[in-house]
Amino acid sequence: MKFSVWDYSQVKIAQFNQQNPQLAIDPTDIFIFTWFKGFANKTRAKTSKKDGSQAKGMWCKTIDGVDYFNVRYDAIIRDFPILGVCNVKSIKRRFDKYVEAGIFEKTIVHAGKKGNFTYFAFTELFLSFEYDNDNPEHKEQIKEENEVQKAQTKTVGVDKNVQTKTVGVDKNVQTKTVGV
């Protein structure tokens, strides 16, 4: 098993998914996390210039010492055509899921006649998903889980049945005869 996917820990995300199946993170979410983190870093760099200039369509606001970032959902669709998402509401629902899960924090800024703008900030949960190569906890948990799975499976040919699920995932283990 690969320990990280695009700088995010598979162990931490798998643990989160197991505890929160209704808010599970999938590869599309990891694409969006990667884009949002890069977007935030680029926006911070642009807004930290001495002249205060910002990248077009990218805004950063510091509220109570926390950096919030305005996200244009259509930018995600434009940047990731491979995802096959063509509806802004689909991306909005994903961000709502992240807020519900506690991955991002959301605030709405009222800008008078210009309208209302939604901003998102990173939370500790999001930061915990980032893979740290120096953290031995990631690899130790994987080793323990693999040893448990090896102990619960049997080799093909012992009784001509092959397990299709690992024990512990579901109390009902389905088997089928070899060659069927």
Side-chain angles (χ1 to χ4, degrees), residues 1-44 47 57-111 115-146 148-149 165-166 168-171:
M1 176 176 167
K2 194 166 165 41
F3 296 120
S4 67
V5 176
W6 298 307
D7 299 329
Y8 296 95
S9 169
Q10 279 204 77
V11 174
K12 295 292 183 183
I13 291 174
Q15 289 171 348
F16 175 83
N17 288 350
Q18 192 172 27
Q19 293 169 358
N20 305 289
Q22 72 284 5
L23 301 170
I25 296 170
D26 61 21
T28 300
D29 296 322
I30 295 173
F31 265 108
I32 293 171
F33 292 167
T34 303
W35 178 87
F36 186 63
K37 185 177 171 187
F39 163 83
N41 290 336
K42 184 176 179 180
T43 303
R44 269 193 201 119
T47 56
M58 297 183 186
W59 302 289
C60 176
K61 278 198 176 294
T62 303
I63 302 170
D64 296 329
V66 177
D67 289 336
Y68 286 87
F69 302 91
N70 177 261
V71 175
R72 297 198 47 122
Y73 302 130
D74 57 339
I76 296 170
I77 294 169
R78 183 186 63 241
D79 288 352
F80 290 121
I82 193 171
L83 297 178
V85 177
C86 56
N87 188 338
V88 172
K89 288 183 180 180
S90 297
I91 301 296
K92 181 188 179 307
R93 280 193 297 269
R94 285 191 180 267
F95 272 83
D96 289 343
K97 175 179 87 167
Y98 307 150
V99 171
E100 182 182 346
I103 297 168
F104 294 144
E105 189 176 312
K106 175 181 173 180
T107 190
I108 298 174
V109 176
H110 305 286
N116 300 328
F117 296 92
T118 306
Y119 287 79
F120 297 93
F122 299 105
T123 64
E124 289 298 319
L125 180 59
F126 176 83
L127 298 175
S128 75
F129 291 154
E130 292 181 331
Y131 182 74
D132 181 6
N133 200 25
D134 297 328
N135 186 350
E137 181 180 299
H138 295 272
K139 295 175 184 175
E140 292 299 322
Q141 289 173 341
I142 291 293
K143 286 179 187 175
E144 289 172 11
E145 289 173 10
N146 285 342
V148 168
Q149 287 180 357
K165 290 185 181 179
T166 57
V169 173
D170 190 351
K171 290 184 181 178

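Side chains included, hydrogens not; waters and symmetry mates left out as well; all remaining heavy atoms used.
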Interatomic spacing from [atom1] in [X] to [atom2] in [Y] - rounded to 0.5 Å:
X      : Y      : atom1 : atom2 : answer
Thr118 : Phe69  : OG1   : CZ    : 15.0 Å
Ile77  : Asn87  : CD1   : CG    : 6.5 Å
Lys61  : Thr107 : NZ    : OG1   : 10.5 Å
Lys12  : Tyr131 : NZ    : OH    : 11.5 Å

Kindly indicate whether the side chain of [X], heavy atoms from C-beta on, has any atom under 4.5 Å from the side chain of [Y].
X      : Y     : answer
Thr34  : Tyr8  : yes
Ile91  : Val71 : no
Val109 : Tyr68 : no

For Asp74, side-chain contact (heavy atoms from CB on, under 4.5 Å) partners two or more places apart: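 Partners of Asp74 by the side-chain contact (heavy atoms from CB on, under 4.5 Å) criterion, ordered by chain and then number, come out as Arg72, Val88.
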
Inter- and intrachain pairs under salt bridge (Lys or Arg N to Asp or Glu O under 4.0 Å), touching residues 98-107, at least two apart: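 Checked against salt bridge (Lys or Arg N to Asp or Glu O under 4.0 Å) - neighbours excluded - the pairs reaching residues 98-107 are Asp96-Lys106.
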
side-chain hydrogen bond (donor to acceptor under 3.5 Å, both in side chains) partners of residues 16-27, not counting sequence neighbours, each pair once: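 For residues 16-27, and leaving out neighbouring residues, the side-chain hydrogen bond (donor to acceptor under 3.5 Å, both in side chains) pairs sorted by first residue read Asp26-Arg94.
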
Check: Cys60 main-chain N/O paired with Asn70 side-chain donor or acceptor under 3.5 Å: no

Heavy-atom closest pair, residues Ala101 and Phe16: CB-CZ, 3.6 Å

Please table the atom pairs, donor to acceptor, closer than 3.5 Å between any side-chain atom in residues 119-127 and protein atoms at least two apart or in another chain.
residue	atom	partner	partner atom	Å
Thr123	OG1	Gly102	O	2.6
Thr123	OG1	Ile103	O	2.6
Thr123	OG1	Leu125	N	3.4
Thr123	OG1	Phe126	N	3.4

Qualifying residues under ring-ring contact (aromatic ring centres under 6.0 Å, His included), relative to Tyr98, sequence neighbours excluded: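 Testing Tyr98 for ring-ring contact (aromatic ring centres under 6.0 Å, His included), a comparison that skips the adjacent residues, returns Phe33, Phe95, Phe104.
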
With sequence neighbours excluded, residues passing side-chain hydrogen bond (donor to acceptor under 3.5 Å, both in side chains) with Thr28: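 Applying side-chain hydrogen bond (donor to acceptor under 3.5 Å, both in side chains) to Thr28 gives none.
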
Asp29 bridged to Lys97 by N-O distance under 4.0 Å: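 Yes.
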
